[in-house]
Protein chains: 2
Amino acid sequence: MVDQEARLSRIFSALADPTRRDMVARLAAGDATVNELAAPYDVSLQAVSKHLKVLESAGLVTRSRDAQRRPVHLDAEVFDLMTKWIERYQRQVEERFSRLDALLERMQDSDGSAVDPESGINNDTRRGASS
Amino acid sequence: MVDQEARLSRIFSALADPTRRDMVARLAAGDATVNELAAPYDVSLQAVSKHLKVLESAGLVTRSRDAQRRPVHLDAEVFDLMTKWIERYQRQVEERFSRLDALLERMQDSDGSAVDPESGINNDTRRGASS
DNA sequence: GGTTTGATCAACCATATGGTTGATCAAGAG
DNA sequence: CTCTTGATCAACCATATGGTTGATCAAACC
């Protein structure tokens, strides 16, 4: 384990760039060379090379060698790390909601005053308010 | 919909910072004021305020008002967007692997030459090589 | 009204990032 | 050996980012 926190930072940072996300999308369909990856974009090959270095240092891709070509391969392992991070807090929030719902349920039977069980702060927020 | 791509960029970018990830972790336990959030860190309140602006513009948190306090609330909706993005490519890679496995299976019966069905490139990579 | 408390705004600074161009390297191809 | 192809290295530039300090705002306290 090489410091998961720093690793997560590099992963999220790598995926923060739309071009790099697009490359990941492309690579999900199969390995590709640097030139193949560069084709769709209006930037220099060197820029693409840099992007790949970022993806590589984040552990999202690995590179092998085929003559003078350097095929890029998507390493899907990393997705698990992200998913785990996300799901942890997603679950935590869900649980907090259920506890709150349960409390409100109980209150509905007897009393009627507004109370927040967590902090001293308004914790009411409806789920499902998309942009 | 406000340009999902730009939104994803802002989300991933926001979570690329360890301090901000930590704040999200804290907020998963319940709402908090800026001062409460700032307490654990060795940075100025203004820096924390900036971090919160980043999280807010990414749609990860919302802020209400309680006297002179501005309670911060984690909006877990965003997690779905990330999860969806991740799972799309995760699934795609998985499917590609199954097709490759199936091919290798069939080849094992008759022939023995190495062929790559996707690109002209070596697509062989073992799954499960963690750091 | 004046002061304390909670938080933001504004200006500034150092470093990181994404892009460029030019030079270089490594492996086939002629 | 020389040339072409595929890709990286190096230096540079503009902008973004995370941090700072000082000033300001807004609500509550006295």
Side-chain angles (χ1 to χ4, degrees), chain A residues 5-24 26-27 30-58 60-74 119-122, chain B residues 5-24 26-27 30-58 60-74 119-122:
Chain A
E5 274 303 313
R7 183 109 190 275
L8 268 176
S9 292
R10 265 179 283 120
I11 295 168
F12 281 123
S13 185
L15 294 176
D17 186 276
T19 304
R20 282 191 298 255
R21 276 203 307 283
D22 206 61
M23 287 176 175
V24 167
R26 162 65 188 79
L27 288 169
D31 297 3
T33 68
V34 179
N35 266 313
E36 285 168 355
L37 280 169
Y41 312 107
D42 193 27
V43 296
S44 66
L45 200 69
Q46 290 94 322
V48 172
S49 198
K50 275 194 185 183
H51 279 307
L52 288 172
K53 247 177 39 176
V54 174
L55 288 172
E56 188 176 29
S57 89
L60 273 156
V61 305
T62 51
R63 291 143 118 175
S64 43
R65 157 143 274 185
D66 169 45
Q68 67 265 71
R69 256 148 270 123
R70 280 158 200 71
V72 184
H73 172 82
L74 181 62
S119 55
I121 285 167
N122 166 33
Chain B
E5 274 302 314
R7 182 108 190 275
L8 267 177
S9 292
R10 266 179 282 117
I11 294 169
F12 280 123
S13 185
L15 293 176
D17 186 276
T19 303
R20 283 192 297 257
R21 276 203 309 281
D22 206 60
M23 288 176 173
V24 168
R26 161 67 186 78
L27 288 168
D31 296 3
T33 68
V34 180
N35 266 312
E36 285 168 353
L37 279 171
Y41 311 109
D42 194 26
V43 296
S44 67
L45 199 69
Q46 290 93 323
V48 172
S49 197
K50 275 195 186 182
H51 280 307
L52 288 172
K53 249 178 38 177
V54 174
L55 289 172
E56 188 176 27
S57 90
L60 272 156
V61 306
T62 51
R63 290 143 118 176
S64 43
R65 157 144 274 186
D66 169 44
Q68 67 266 70
R69 256 148 268 123
R70 281 158 200 70
V72 184
H73 172 83
L74 181 62
S119 56
I121 285 168
N122 167 33

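Proteins come first, then strands; the chains are lettered A, B, ... in the order of their sequence lines, and each starts at number 1.
A distance-only check finds a donor-acceptor pair linking the side chain of B:Ser9 to the backbone of A:Ala16 [under 3.5 Å]. Counting only distance, with no hydrogens or angles, the side chain of B:Arg21 and the backbone of B:Leu15 share a donor-acceptor pair below 3.5 Å. Remark: side-chain polar atoms of A:Arg26 are not paired, donor with acceptor, to backbone N or O of A:Glu36 under 3.5 angstrom. Judged by distance alone, with hydrogens and angles left aside, the side-chain atoms of A:Arg70 form no donor-acceptor pair with the main-chain N or O of A:Arg63 at under 3.5 Å. Between the B:Arg20 side chain and the B:Leu55 main chain, no donor and acceptor come within less than 3.5 Å of each other.
Going from atom CG of A:Leu27 over to atom CG of A:Leu52 covers 7.5 Å, rounded to the nearest 0.5 Å.
Mapping B:Gln46 and A:Arg20 onto DNA chain C via the closest heavy atom, the residue that lands nearer the 5' end is B:Gln46. Heavy-atom nearest nucleotides on DNA chain D were determined for A:Lys50 and for A:Arg70, and the one closer to the 5' end corresponds to A:Arg70.
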Between the protein and nucleotides 27-30 of chain C, list the N/O to N/O atom pairs that are separated by less than 3.5 angstrom.
unit_1 : atom_1 : unit_2  : atom_2 : d
C:dA27 : OP1    : A:Arg65 : NH1    : 3.4

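What you find for A:Val48 and A:Met23 is that their closest heavy atoms are CG1-CE, 3.6 Å.
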Next item on the list: Let me see the working for B:Val54 and B:Lys50 under side chain to side chain contact (heavy atoms under 4.5 Å, CB included), right down to the final yes or no.
Entry: CA-CA 6 Å; B:Val54 174; B:Lys50 275 195 186 182; 5.8 Å; no
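Atom CG of B:Asn35 and atom P of C:dT4 are 17 Å apart (whole Å).
Boundaries of the chain B contact region on DNA chain D are D:dG18 to D:dA28, first to last in 5' to 3' order (nucleotide atom under 4.0 Å from a heavy atom).
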